[in-house]
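Note sheet for the following structure.
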Amino acid sequence: MRTERPPTTPLSAVRNLGILAHVDAGKTTVTERFLYLTGTTHKRGEVHDGTTVTDFDPQERDRGITIFAAAVTCAWDGHRINLIDTPGHVDFADEVERSLRVLDGAIAVFDAVAGVEPQSESVWRQADRYGVPRIAFVNKLDRAGADLDTAVASIRERLHPAPLVVQLPIGTESGFTGVVDLLRLRALVWTDGSDTPAELPVPDSLLAEARRRRRLLEEAVAELHPVALEEFYAESTLSAETLSAALRDLTRTGDGLVVLCGSAYRNRGIEPLLDAVVAYLPAPSDVPPVRGTYDGGEQERAADPRLPFSALAFKVSAAGTGRLTYLRIYSGTIERGDTVWDPGARRTERIGRILRVQADRHERLERAVAGDIVAVAGLKSARAGSTLCAPDAPLLLEPPTVADPVVSVAVEARRSTDTDRLASALARLAEEDPSLVVRTDTETGQTVLSGMGELHLEVAVEKIRLATGVEVTVGRPRVAYRETVVRGVSGLVYRHVKQDGGSGQFAHVVLDVEPLDGSGSGFEFRSAVVGGRVPQEYVRSVEAGCRDALAEGPIGGFPVTGLRVTLTDGATHVKDSSEQAFRTAGRLGLREALRACETVLLEPVVEVTVTVPEDAVGGVLGDLAARRGRVTGSTTRTASAIVTATVPLSELFGYATRLRSRTQGRGTFTARPTGYARVPGGVTTR
C-alpha cells in the first residue's frame with residue numbers, strides 16, 4: 001500500500017453514488033468501464049472471465065454475480081467519484097440497503113430487452129425510502145430485441161417517475177453504434193476498437209426524429225421546472241444550458257429522471273454517462289444536512305470539514321487479516337490516531353489507519369474529510385449502522401434498517417474439534433452481515449443460521465469453508481413462521497405474587513388482547529388505566545414484559561405478531577410492587593392471554609417472477625399450483641412468457657433445479673419477500 005497526500009478535491013467536486021439494478025442488467029460491467037475510461041485500470045475487466053475489480057471474491061467470480069457491495073474511487077473531469085457496486089440478487093438486498101443509506105446519488109441500470117425487472121423495482125423503492133437522487137442508464141442496446149422506448153415505458157409504468165430521455169440511439173441491436181445527444185443535437189459514434197466517441201453531425205436519416213424528441217424533452221422539462229417554463233414561453237424553445245440546469249434541479253429533487261442509453265459491454269455510451277454523473281447528481285454539499293439525535297434533542301450537521309466530526313459505519317469486513325470498518329463521513333475531519341466516540345456502544349475508539357478503498361486494495365490516507373467514503377482500521381466495537389462522532393460533540397445518526405431473516409439452516413462442524421472454529425467464523429459472519437443471525441436453539445441445542453434466502457445461506461456457509469477450512473454439515477432450510485391473533489380476549493386478570501422471605505413481589509394486571517387492524521403484523525401497546533391505579537413507570541414495565549412474551553407463541557413457539565394489548569386495570573402493593581414484578585406480570589399475563597385467544601400460524605410468502613419459453617408455460621403453471629402458488633399475472637414478451645405468482649417460501653426449496661429440468665435450462669426466476677400469510681388449515685388454539 002502507498003500513502004496518499006491529504007485530499008485536495010473540493011467538496012463540490014465529489015460524487016458519492018451507487019449502481020443499482022436487477023441481476024445481469026450490467027451493473028458490474030458499467031463499473032468496470034468507469035474504472036477503465038477514467039484511467040483507474042488499464043484493462044477492461046469482464047464478468048464472464050472473472051477479471052472484474054469489484055467482483056473480487058472467489059464466489060462472485062465463480063457464480064458470475066455480485067454478492068458483496070464493493071467500493072471504488074475514480075476521477076473524471078476534475079471530479080472524484082466514490083462508487084459502490086451493489087448486488088442485484090434479492091437475497092443480498094441488505095447490502096443494497098446499507099449502501100443506499102450513505103449515498104448521495106445513484107445510477108439505475110436497466111436491461112433494454114427486459115426493462116424494469118422485479119429486483120429493479122425493489123432497489124428503486126429502497127432508494128425512494130432514503131430519497132436518493134437517480135439517473136437511469138438503459139443498457140444492452142446491442143442485444144436482439146432491445147428497444148429504448150419499451151424500456152422507458154416500463155420505467156414510467158412500474159416506477160412512476162417522469163422519464164426525461166436525453167439521447168436517441170443510432171442503429172438497433174447489433175447495428176447499434178452510438179447515440180444522438182438531444183441537448184446539443186450532435187451524434188456520438190463509437191467505431192470498432194475505439195474507446196472514445198467521434199463527435200459528428202446528426203445523420204440526415206435521424207435529424208427529423210432527433211428534433212421531434214428534443215421538442216418533447218423541452219415540453220416535459222418546461223412542465224416540471226418554473227425557470228425553464230418562463231424561457232419556453234418567451235423563446236418557444238430551451239437552450240442547452242437551460243435544459244442542463246433544469247435537468248440537474250429535477251434530478252436532485254426527484255421530480256424527473258434523466259435517461260441515457262448504451263452498451264456497457266461494447267463500451268458505448270459510458271463517457272456521456274460519466275458526464276451525466278458530474279452534471280446532474282449532487283455533491284455532498286448539495287444534499288440537506290444530516291440529522292441526528294442525542295439526549296432527546298435533534299441536531300443537524302452540514303457537510304463541512306470545519307464542523308465536529310460525524311460519520312456512519314455502513315459495512316464491516318472482519319477478515320482474518322484485520323478488521324476494516326467502512327465509513328461515510330458527513331461532517332468534520334479525522335486523522336490517523338484520532339479518538340472518536342461511539343454513542344451507541346457508549347465507548348471511545350481510536351482510528352488506527354485511514355484507507356481509500358479500491359475494492360480489495362487500499363491506499364493509506366493521513367486524513368479524511370466530510371463527504372469522503374473511506375475504511376478505517378483499529379475500531380473494535382463499531383458495527384454496521386454505528387455512529388462515530390467527536391467525543392465533545394456527540395450525535396447519534398439513524399442506522400439503515402435490517403430486514404428480518406426468513407430462512408434458517410442448522411449448521412454444525414463435521415469434526416468435533418472444529419466446533420470452536422466454526423463458532424468463531426459464524427460470529428465473524430454475523431458481524432460483517434447484520435442480516436445473518438446466529439442463535440442456539442434452546443430445545444435442540446443446534447446452532448441455527450438464518451438469512452434472507454437459500455443463496456444467502458449457501459454463500460455464507462461456503463465463505464466459512466473457504467476462509468477457515470472447516471467442513472460444515474447443513475440441515476434442510478427452515479422458514480421463519482409467525483403466530484398471530486385472529487380472535488382476542490377481554491378482561492384477562494393476572495396476579496403475580498411471590499413471597500420467599502424478605503421483600504416479596506406483587507403485581508396485578510388486567511389485559512385486553514385483540515388483533516391489530518389490517519396488516520397482521522406489528523405490536524401495539526396501550527394503557528387505559530385511570531386514577532393512577534398502576535403508576536406510569538409500572539405501565540412501561542408491563543409493556544416490556546408483554547414484548548418479552550411475544551418471543552414464543554402458544555402454537556409452536558414462534559414469534560407472535562399482529563396484536564394490540566391494552567392494560568385496562570391493575571393494582572399495586574405499597575411494599576412488594578416493583579418494576580420487575582410488573583414486567584413479570586406482563587410477560588406471564590400475556591402468555592396466559594394468548595393461550596385463551598384464537599391464534600393461527602403465519603408463513604412467509606414471496607412474489608415469484610418466472611421467465612420461460614412460451615411452450616413451457618403450462619408445466620410451469622402446474623408446478624406453481626402444486627406449490628400452493630397463486631398466479632397474479634402473465635405477460636408475453638419476445639417469445640417468452642413472464643408469470644408472476646405469490647408462493648409460500650417453504651414451497652420454493654429446490655425450485656431452481658425443478659424449473660431448469662422443466663424448461664431444458666431456459667427458465668429463470670426471481671423472488672422477493674412480500675410478507676406473511678395464514679397457513680391454510682393451520683393449527684389454531686383457543
Side-chain angles (χ1 to χ4, degrees), residues 57-60 62-63 67-69 87 91-95 98 313-326 342 344-347 349 352 360 375-386 399-400 402-481 548 551-552 556-559 653:
D57 187 271
Q59 290 200 73
E60 293 179 310
D62 290 345
R63 298 173 188 270
I67 296 173
F68 310 105
D91 280 19
F92 309 103
D94 192 67
E95 287 272 334
R98 286 183 277 124
F314 66 95
K315 182 180 175 68
V316 173
S317 174
T321 55
R323 187 177 191 275
L324 292 180
T325 306
Y326 292 72
D342 181 344
R346 304 193 71 82
R347 61 169 289 174
E349 297 265 26
D360 58 339
V376 297
L379 305 186
K380 293 181 171 57
S381 65
R383 301 289 185 266
S386 295
V402 179
D404 292 331
V406 294
V407 178
S408 301
V409 292
V411 293
E412 62 180 12
R414 288 186 181 176
R415 297 188 297 269
S416 59
T417 54
D418 288 336
T419 300
D420 290 342
R421 292 173 64 198
L422 174 61
S424 176
L426 287 171
R428 186 180 298 142
L429 269 181
E431 185 179 344
E432 290 183 338
D433 186 350
S435 61
L436 285 172
V437 176
V438 182
R439 64 180 177 86
T440 301
D441 191 301
T442 55
E443 294 185 2
T444 65
Q446 289 181 308
T447 300
V448 178
L449 178 64
S450 302
M452 303 307 299
E454 283 184 278
L455 180 59
H456 190 203
L457 297 179
E458 184 182 324
V459 166
V461 171
E462 182 68 8
K463 190 172 183 179
I464 291 174
R465 188 186 67 79
L466 291 173
T468 66
V470 174
E471 292 298 326
V472 180
T473 301
V474 180
R476 176 179 169 82
R478 295 177 294 179
V479 300
Y481 289 96
D548 294 342
E552 296 182 3
F558 301 108
F653 297 130

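In this view, Asp420 satisfies the side-chain contact (heavy atoms from CB on, under 4.5 Å) rule with no residue, not counting sequence neighbours. For Arg415, the salt bridge (Lys or Arg N to Asp or Glu O under 4.0 Å) criterion is met by Asp418, not counting sequence neighbours. Looking at residues two or more places apart in sequence or on another chain, you find a side-chain contact (heavy atoms from CB on, under 4.5 Å) between Val437 and Pro405, Ser450. Qualifying side-chain contact (heavy atoms from CB on, under 4.5 Å) partners for Tyr481, counting only residues two or more places apart in sequence or in other chains: Val479, Phe558, Leu601, Glu603, Ser650, Val679.
Here the CG-CG distance, from Leu436 to Leu426, works out to 9.0 Å after rounding to the nearest 0.5 Å. Note that NZ of Lys315 is 11.5 Å distant from OG1 of Thr325, once rounded to the nearest 0.5 Å. Separation of atoms NZ (Lys463) and CD (Glu458) is listed at 14.5 Å; rounding is to 0.5 Å. Between the CD1 atom of Ile464 and the CG atom of Leu429 there is a distance of 4.5 Å, given to the nearest 0.5 Å.
Sorted by first and then second residue, the ring pair (Phe, Tyr, Trp, His ring centres under 6.0 Å) pairs with a member in residues 450-469 read Phe92-His456; sequence neighbours excluded.
Of the possible polar contacts, none joining the Arg414 side chain to the Thr473 backbone as a donor-acceptor pair under 3.5 Å is found.
The heavy-atom pair separating Val470 from Ala413 by the smallest distance is CG1-CB, 4.2 Å. Scanning both residues, Arg98 and Pro400, for their nearest heavy atoms gives CG-CG, 3.7 Å.
Electrostatic pairing of Arg465 and Glu462 counts as a salt bridge here, judged by a charged N lying under 4.0 Å from a carboxylate O.
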Using distance only, find each side-chain donor-acceptor pair of residues 376-384 under 3.5 Å and give its atom names and separation, not counting sequence neighbours.
from	atom 1	to	atom 2	distance (Å)
Ser381	OG	Glu349	OE2	2.7
Arg383	NH1	Ser381	O	3.1

